[in-house]
Amino acid sequence: MTPQLQQNAPEGYAADEYDVVVLGGGPTGENLADRAKAAGLSTVLVESQLVGGECSYWACMPSKALLRPAAALAHARALPGAKQAVSGPLDAAAVLARRDEFTSHWHDDGQVEWLRATGIDLVRGHGRLAGERAVLVDGERLLTARHAVAVCTGTRAALPHLPGLAEAHPWTSRDATSSAVVPRRLAIVGGGVVAVEMAAAWRALGSEVTLLVRGPGLLPRMEPFAGELVAAGLAEAGVDVRLATAVTGLHRDGGPVTLDLDGGGRLEADEVLYATGRAPHTDDIGLETVGLTPGSWLEVDESCAVTGVAGGWLYAAGDVNHRALLTHQGKYQARIAGAAIGARARGEKPDTARWGAHAASADTAGPPQVVFTEPEATAVGLTLREAEQAGLRVRAVDHDLGRVAGASLYGDGYRGRARLVVDLDREVLVGATFVGPAVAELLHSATVAVVGEVPISRLWHAVPSYPTISEVWLRLLETYRG
Ligand SMILES: Cc1cc2nc3c(=O)[nH]c(=O)nc-3n(C[C@H](O)[C@H](O)[C@H](O)COP(=O)(O)OP(=O)(O)OC[C@H]3O[C@@H](n4cnc5c(N)ncnc54)[C@H](O)[C@@H]3O)c2cc1C
Ligand SMILES: NC(=O)c1ccc[n+]([C@@H]2O[C@H](COP(=O)([O-])OP(=O)(O)OC[C@H]3O[C@@H](n4cnc5c(N)ncnc54)[C@H](O)[C@@H]3O)[C@@H](O)[C@H]2O)c1
């Protein structure tokens, strides 16, 4: 593909013209570029750091590489016969070395080679929108798009405004996933997914971890029992979990950091991780040149076209549109948006009806998520509360996972719980939650049932194998049918 000189480039610039310009090469940008290319469109990707984005280097991959050995050890320790063979602690250096392998030592050569092989051009540098269908890279190279610009610039850690926070040099998720050193004492602020996963990982690596949670429980977006079971698991692992505890200020003067807690207490730690949510990478991407507000999340329609911009040429997918801050949902949106861009480029009307080829409907049905703690907490669809708030007539069906034969075989003292949320009018599932050791791979069965709107009467014929943890499906359906 030879980029052509654009005739109407903004004054002073010779432009490279493509069909599609993708801004940001995280998992979403890569997949969107791939789908645009597959639709026969010339495509260029602009990336300021590493192709692969947050997920590959400072989020999903390194965090899961840190957590997996801890889970394997905990599972072995629940098995007489096996536990005698694993008497020591984790080898932290070996865990960190494997984590480094999974991030390719923070080099993106492999992903750059994939782009080359796929026929997607790469421009390294910081891209900013420069009016309609144009992106200026590092203030000097102009890229224009015949059909679409897709913003996939993701997020960074959001820090609160707090006295002494900047001087305390807090860890963000980037430090927590890439540190080469195990701090002796680690304080973690937050009660969401990053906080609980990093508490589990660094505790297993040997840190004394204190988890400071402002709210009344962990994982507030899941069913309440998920947060309760994860809190119990963390406490058993030796994490000091403090609920309803806010930090009012921090002090660091070269040495350890001291946190002032509301209620008057103080906590000293060697590092403090702030895991208090995300902010969009939109403050310096030229949004003002297309009439949007810098720093805002980008609101999109079902095909991921930005709603505030006329002409249907601007798309936003992945974390940056705030629909679902998960890699798999970003990649899903990328597939949907890439197909929609292709359809519009061919002059076809996109199918944006619910569950249509160009509608990211799974985002609003409740995306699946696995929290990789011990126990794992997994959910898809709506919680009971969300379903009730949506006005559905629903019933929650619960079962104790520890009473399933496959679970008790999996490990002694297996503790866990499962819930289905049944829409009583349509007799289909609208939500499912499984919490327990090794339930991550169980979640997709529920995703298929929720997205497929499989009638309960048909699920009754979906027989789970004996003796697996999946037999909880049978117990749940028996409970529902009475
Ligand atoms: C610690 C942690 C663990 C996580 N674990 C999981 C998990 O297990 N499973 C899961 O599904 N999700 C997980 N997530 C969430 C997941 O990381 C994000 O949902 C995902 O990375 C979003 O992908 P994205 O492509 O939209 O954005 P990003 O991955 O953030 O990529 C955006 C890219 O755009 C680039 N960029 C930004 N601005 C510009 C610009 N102006 N010019 C050029 N390039 C630019 C950035 O450099 C970056 O490479 C985790 C998040 C964190 C913080
Ligand atoms: N396994 C996974 O799927 C996985 C893992 C990690 C992250 N992620 C995704 O990344 C995103 C970011 O995760 P996160 O944990 O940073 O955000 P989050 O929004 O899930 O949780 C942030 C938590 O911090 C608390 N908080 C906010 N401001 C605070 C303050 N000033 N003081 C104290 N507490 C405060 C909130 O109440 C909330 O509990 C999430 O949407 C998550 O889905 C996914």
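Bear in mind that the values here come from a model prediction, so they are computed numbers and not experimental data. All ligand and atom numbering here is 1-based and tracks the order in the structure.
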Return yes or no for this condition: an N or O of [X] is under 3.5 Å from an N or O of ligand 1.
X      : answer
Glu47  : yes
His281 : no
Gly29  : no
Thr28  : yes
Asp284 : no
Gly127 : yes
His328 : yes
Trp58  : no

Below 4.0 angstrom from a heavy atom of [X], which ligand 1 atoms are there? Numbered from 1 as shown, please.
X      : result
Gly26  : 25 (O), 31 (O), 33 (C)
Ser48  : 36 (N), 39 (C), 43 (C), 44 (N), 45 (C), 47 (O)
Gly24  : 34 (O), 35 (C), 44 (N)
Ser63  : 3 (C)
Gly125 : 42 (N), 43 (C)
Leu325 : 15 (C), 19 (O)
Gly53  : 29 (O), 31 (O), 48 (C), 49 (O)
Leu23  : 42 (N), 43 (C)

Quick check: closest heavy atoms across [X] and [Y], and the distance to 0.1 Å?
X      : Y      : result
Phe434 : Ala446 : CE1-CB, 3.8 Å
Thr383 : Val421 : C-CG2, 4.1 Å
Val189 : Thr276 : O-CG2, 3.8 Å
Val194 : Ala275 : CG1-CB, 3.7 Å
Ser207 : Val182 : OG-CG1, 3.3 Å
Ala187 : Leu267 : CB-CD2, 3.9 Å

Under 4.0 Å from ligand 1, counting heavy atoms only, is it the side chain of [X], its backbone, both or neither?
X      : answer
Lys64  : side chain
Thr155 : backbone
Cys152 : backbone

Heavy-atom contacts under 4.0 Å between [X] and ligand 2: side chain, backbone, both, or neither?
X      : result
Pro160 : side chain
Leu326 : side chain
His322 : neither

Does ligand 1 have an atom under 4.0 Å from some heavy atom of [X]?
X      : result
Leu50  : yes
Arg278 : yes
Ala157 : no

Could you tell me whether [X] atom [atom1] has more than 12 heavy atoms of other residues or ligands within 6.0 Å of it?
X      : atom1 : answer
Glu299 : CD    : no
Glu441 : CD    : no
Arg185 : CZ    : yes

Counting heavy atoms only, name the option from [options] that's nearest to [atom].
atom                    : options                        : answer
atom 9 (N) of ligand 1  : Gly286, Cys60, Ala324          : Cys60
atom 50 (C) of ligand 1 : Gly330, Gly318, Ala59          : Ala59
atom 1 (N) of ligand 2  : Thr373, Val370, Val371, Val196 : Val370
atom 25 (C) of ligand 2 : Arg214, His328, Glu376         : Arg214

Report, one line per pair, each donor and acceptor closer than 3.5 Å where one atom sits in a side chain of residues 367-374; sequence neighbours left out.
from, atom 1, to, atom 2, distance (Å)
Thr373, OG1, Pro375, O, 2.8
Glu374, OE1, His75, NE2, 3.2
Glu374, OE2, His75, NE2, 3.0

> What is the closest protein heavy atom to atom 3 (O) of ligand 2, and at what distance does it sit?
Replying inline: Gln369 NE2, 3.0 Å
> Out of curiosity, is Gly215 lining ligand 2, as in a heavy atom under 4.0 Å away?
Replying inline: no
>> For the residue pair Arg156 / Ser173, report whether a side-chain donor-acceptor contact shorter than 3.5 Å exists.
In response: no
